[in-house]
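Throughout, protein chains are lettered first and strands after them, A, B, ... in sequence-line order, and every chain is numbered starting at 1.
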Amino acid sequence: MTGDAGLARLSEALESAFSAAGAPEGFSPGLERPRDPTHGDWASNAALVLAKRLGQPPRALAARVCELIDPAAAGIAAVEVAGPGFLNFRLSDRSIWPRLTEVIEAGPDWGRTRASPPLRVNVEFVSANPTGPLHVAHGRGAALGDAVASLLEWAGHDVTREFYVNDAGRQIELLGESVEARYEEAAGRPAAVPEGGYHGEYVRDVAMAIRDAAGPEFLASLAPEERRARLRREAVRLLREEQAEDLSRFGVEMDLFYSERSLYESGAIDRLLEALEDGGLIYRSEGATWLRTSDYGDEKDRVLIKSDGSFTYFLPDLAYHLDKARRGFDIAIDVWGADHQGHEKRMLAALRGLSCPDLLEVLIIQLVTVLRDGREVRMSKRAGRFVTLGELVDETGADVARYFFLMRRAEVHLNFDLDLALDTSDANPVYKVQYAHARMCSVFRRAGVVAGEVPPSLEVPDGFGTPAEREVALSVLRLPEVIAAAAGSRAPHLVCAYLEEAAGLVNAWYHQGNLDPAQRILAEVPERAARIRLARAVQLTLRNGLRALGLSAPETMTRDAK
RNA sequence: GCGCCCGUAGCUCAGUUGGAUCAGAGCACCGGCCUUCUAAGCCGGGGGUCCCAGGUUCGAGUCCUGGCGGGCGCGCCA
């Protein structure tokens, strides 16, 4: 829960040095991590930023700050002026070890930070129509939404995971008619799936399941209207259950499934229409009722009530989003597929018109292409032919599928490479990270220690045996800031990149022992206890990083016989 | 035609909030090492006009403008 205490020390020492050098009140020098390790552990460009204001050459200013900074207070071993006026800092090894102690003490909470202020955040994702199984695109939304939610929790916010169920409206009617057609067919009566209806094989399965559960005589005894209503209701219920089951197997647990139908029943839609009427935000034209979204940034006004009297999708959806504000959420994050991108402007505009300008944040995720043997696996929703999320999880496992969905930014088209996903070597980034974690656990078993009982702090060693060891230690310390940054920018892929890098450093460190047995973690040398503690710190870091993304961190992994 | 997203190594992509110490990773390829602290590795190497052209700046892969190329969306469907 601590953030980075070592960085805070350096930051304070640097600030007071700048202040003594004549920096204006309230100036806080920036610190960043240089890409090039020869530039030290931390660097500041503050002298360049201030040079003009203070009327001094950047290098001279930097040199002055160099003299003024107190190395002991800052926890640094060296500071130097570089290039046009950068300050490069090298942390002292003695200041790093106590921070590893903090990592071990934090244990399962290592990586969590406190948010100020903590916000109530609603993350809405998947929200698939209950008209069929979830497919791979839903999987990407599920992985991303759940990971963003989790990262926000790790960053100290209060999060609700929510699925909006479109259990009303035209698509549900079509589903009911499609199921009815399959039911009639099975009874030997001629019937056809309606125009725009659902043709997938699962529709037949659903129809049969309902018939068998209710008893064929019972359904046959109902009046046609009643039977259709029942088939529709039962189909929605079954498909919702199936979706929830698929999500659960994928490791996603929703806090709330919010029913669209409930908005009609609670009167929320009527109240919204009244409020819109009173506010003069709607008008009638060509027999329809329109919302003045173009007054608030949309390209054109949008229909809420069609000329046949039925509602568009937009009306209940708007009522739903207003309800999120009513329930007290500070932020509502919606995860939408690229095909819904056109709705973003109208929803933001409508909420602006209804005095909720800052509520909604929309994350648009681009499409997913599944590749097998380097070729695209073609999908067709109309023909009901697609890769379902369930099939994907069966084939790759939940961890692999989730990781592959998360490792790219949401804005880029995703190529899901099934061949790489099924590779169990370190070439597969998921296994690379999980293996590194399992290796550390193996070291504990070999040493006969229980991971949770590794003492956080014995005496602090003077330094690190090798540069590889030092790099691992510094990498470990970055977890909280990486998670907080990923949460802030709603970008789980930043955590993936970090974990892969950390795993690479761990592997390099570990494999040194193969070349030189004295470098093994468990070598009988004085450094052994310190190395076990570093192994524990890195194991916690990998595990908590994986968990913050919603993945597991196995302690043992069996490899398939080759 | 309009809107959103993308364009960086052979391939897949990172590059954090408006820059500096930014030409990067993984895979593939080539060369060397290891056969283990179980978990298919480790080290090194080649390879790039960061789509193009302007602009802002002391400084642009990053910001602005205009092009070009690709994806998606533009219903009183959801």
Side-chain angles (χ1 to χ4, degrees), chain A residues 32-40 43 45 48-49 51-52 58 82-86 88 127-129 131 166 169-172 174 196 285-290 299-300 302-314 317 337-345 364-367 369 371 374 407-415 417 420 423-429 431-432 434-436 438-440 442-447 481-482 485-486 488-489 491 493-494 496-497 500-501 504 507-515 517 519-523 531 535 554 556-559 562:
Chain A
E32 57 188 26
R33 221 179 293 273
R35 302 270 192 294
D36 183 343
T38 64
H39 295 134
N45 67 351
L48 288 154
V49 174
K52 199 176 272 180
F86 291 96
N88 292 340
S127 295
N129 289 344
T131 53
N166 301 122
R170 181 74 189 129
Q171 296 307 312
I172 295 302
L174 283 168
S285 171
E286 300 165 52
T289 301
W290 299 70
E299 287 119 24
K300 50 177 278 200
R302 304 291 172 176
V303 170
L304 291 180
I305 305 176
K306 301 180 222 171
S307 50
D308 69 0
S310 65
F311 298 158
T312 62
Y313 171 84
F314 188 32
D317 204 20
D339 54 341
H340 285 63
Q341 166 272 124
H343 296 258
E344 183 177 358
K345 274 193 179 174
I364 302 289
I365 48 179
Q366 297 301 313
L367 304 183
T369 304
L371 301 170
M407 67 185 183
R408 303 294 177 222
R409 294 155 60 219
E411 302 85 51
V412 308
H413 183 106
L414 178 75
N415 288 313
D417 183 343
L420 182 59
D423 184 342
T424 57
S425 82
D426 275 16
N428 183 333
Y431 290 123
K432 176 177 177 173
Q434 289 185 331
Y435 283 150
R439 268 190 193 107
M440 296 301 106
S442 164
V443 166
F444 302 141
R445 280 193 298 277
R446 182 116 187 152
E481 74 184 74
V482 170
S489 51
H493 77 277
L494 296 174
C496 295
E500 286 171 50
E501 185 191 310
N507 287 338
W509 175 49
Y510 178 88
H511 286 287
Q512 276 184 334
N514 294 337
L515 301 172
Q519 296 297 330
R520 292 184 183 182
I521 295 171
L522 298 180
R531 287 179 185 164
T556 61
M557 295 175 72
T558 50
R559 61 182 180 195
K562 197 174 171 181

Ranking A/L367 and A/T556 by the position along RNA chain B of their nearest nucleotide, the one closer to 5' is A/T556
How far does the P atom of B/G55 sit from the matching atom of B/U12, given to the nearest Å?
33 Å
Spacing of A/Y313 atom OH relative to B/G73 atom P, expressed in whole Å
16 Å
Whole angstrom is fine here: how far is it from CZ in A/R445 over to P in B/A39?
11 Å
Note: for A/V303 and A/I364 on RNA chain B, the residue whose nearest nucleotide lies more 5' is A/I364
Nearest-Å distance for atom pair CG/C1', residues A/L420 and B/A25
14 Å
What verdict does the salt bridge (Lys or Arg N to Asp or Glu O under 4.0 Å) test give for A/E500 and A/K432, after you've listed the backbone C-alpha separation in whole Å, the side-chain angles of each residue and the deciding distance to 0.1 Å?
CA-CA 7 Å; A/E500 286 171 50; A/K432 176 177 177 173; 5.8 Å; no
Whole-Å P distance, B/C13 and B/G71
15 Å
Whole angstrom is fine here: how far is it from CH2 in A/W290 over to C1' in B/G75?
10 Å
Does any N or O donor sit under 3.5 Å from an N or O acceptor when you compare the side chain of A/N45 with the base of B/A20?
yes
Any idea which of B/G41, B/A20, B/U12 is nearest the A/F86 side chain?
B/A20
I want to check one thing: is the phosphate of B/U36, taken as OP1 and OP2, less than 4.0 Å away from some side-chain N or O of A/R439?
no
Please give, in whole Å, the distance from B/G75 P to A/K345 NZ?
14 Å
Exercise: do A/N507 and A/R439 side chains pair donor with acceptor under 3.5 Å
yes
If you go through the side-chain atoms of A/S307, does one of them form a donor-acceptor pair with the base of B/C76 closer than 3.5 Å?
yes
Taking atom types as they are modelled, is there a donor-acceptor pair under 3.5 Å from the base of B/U21 to the side chain of A/N88?
yes
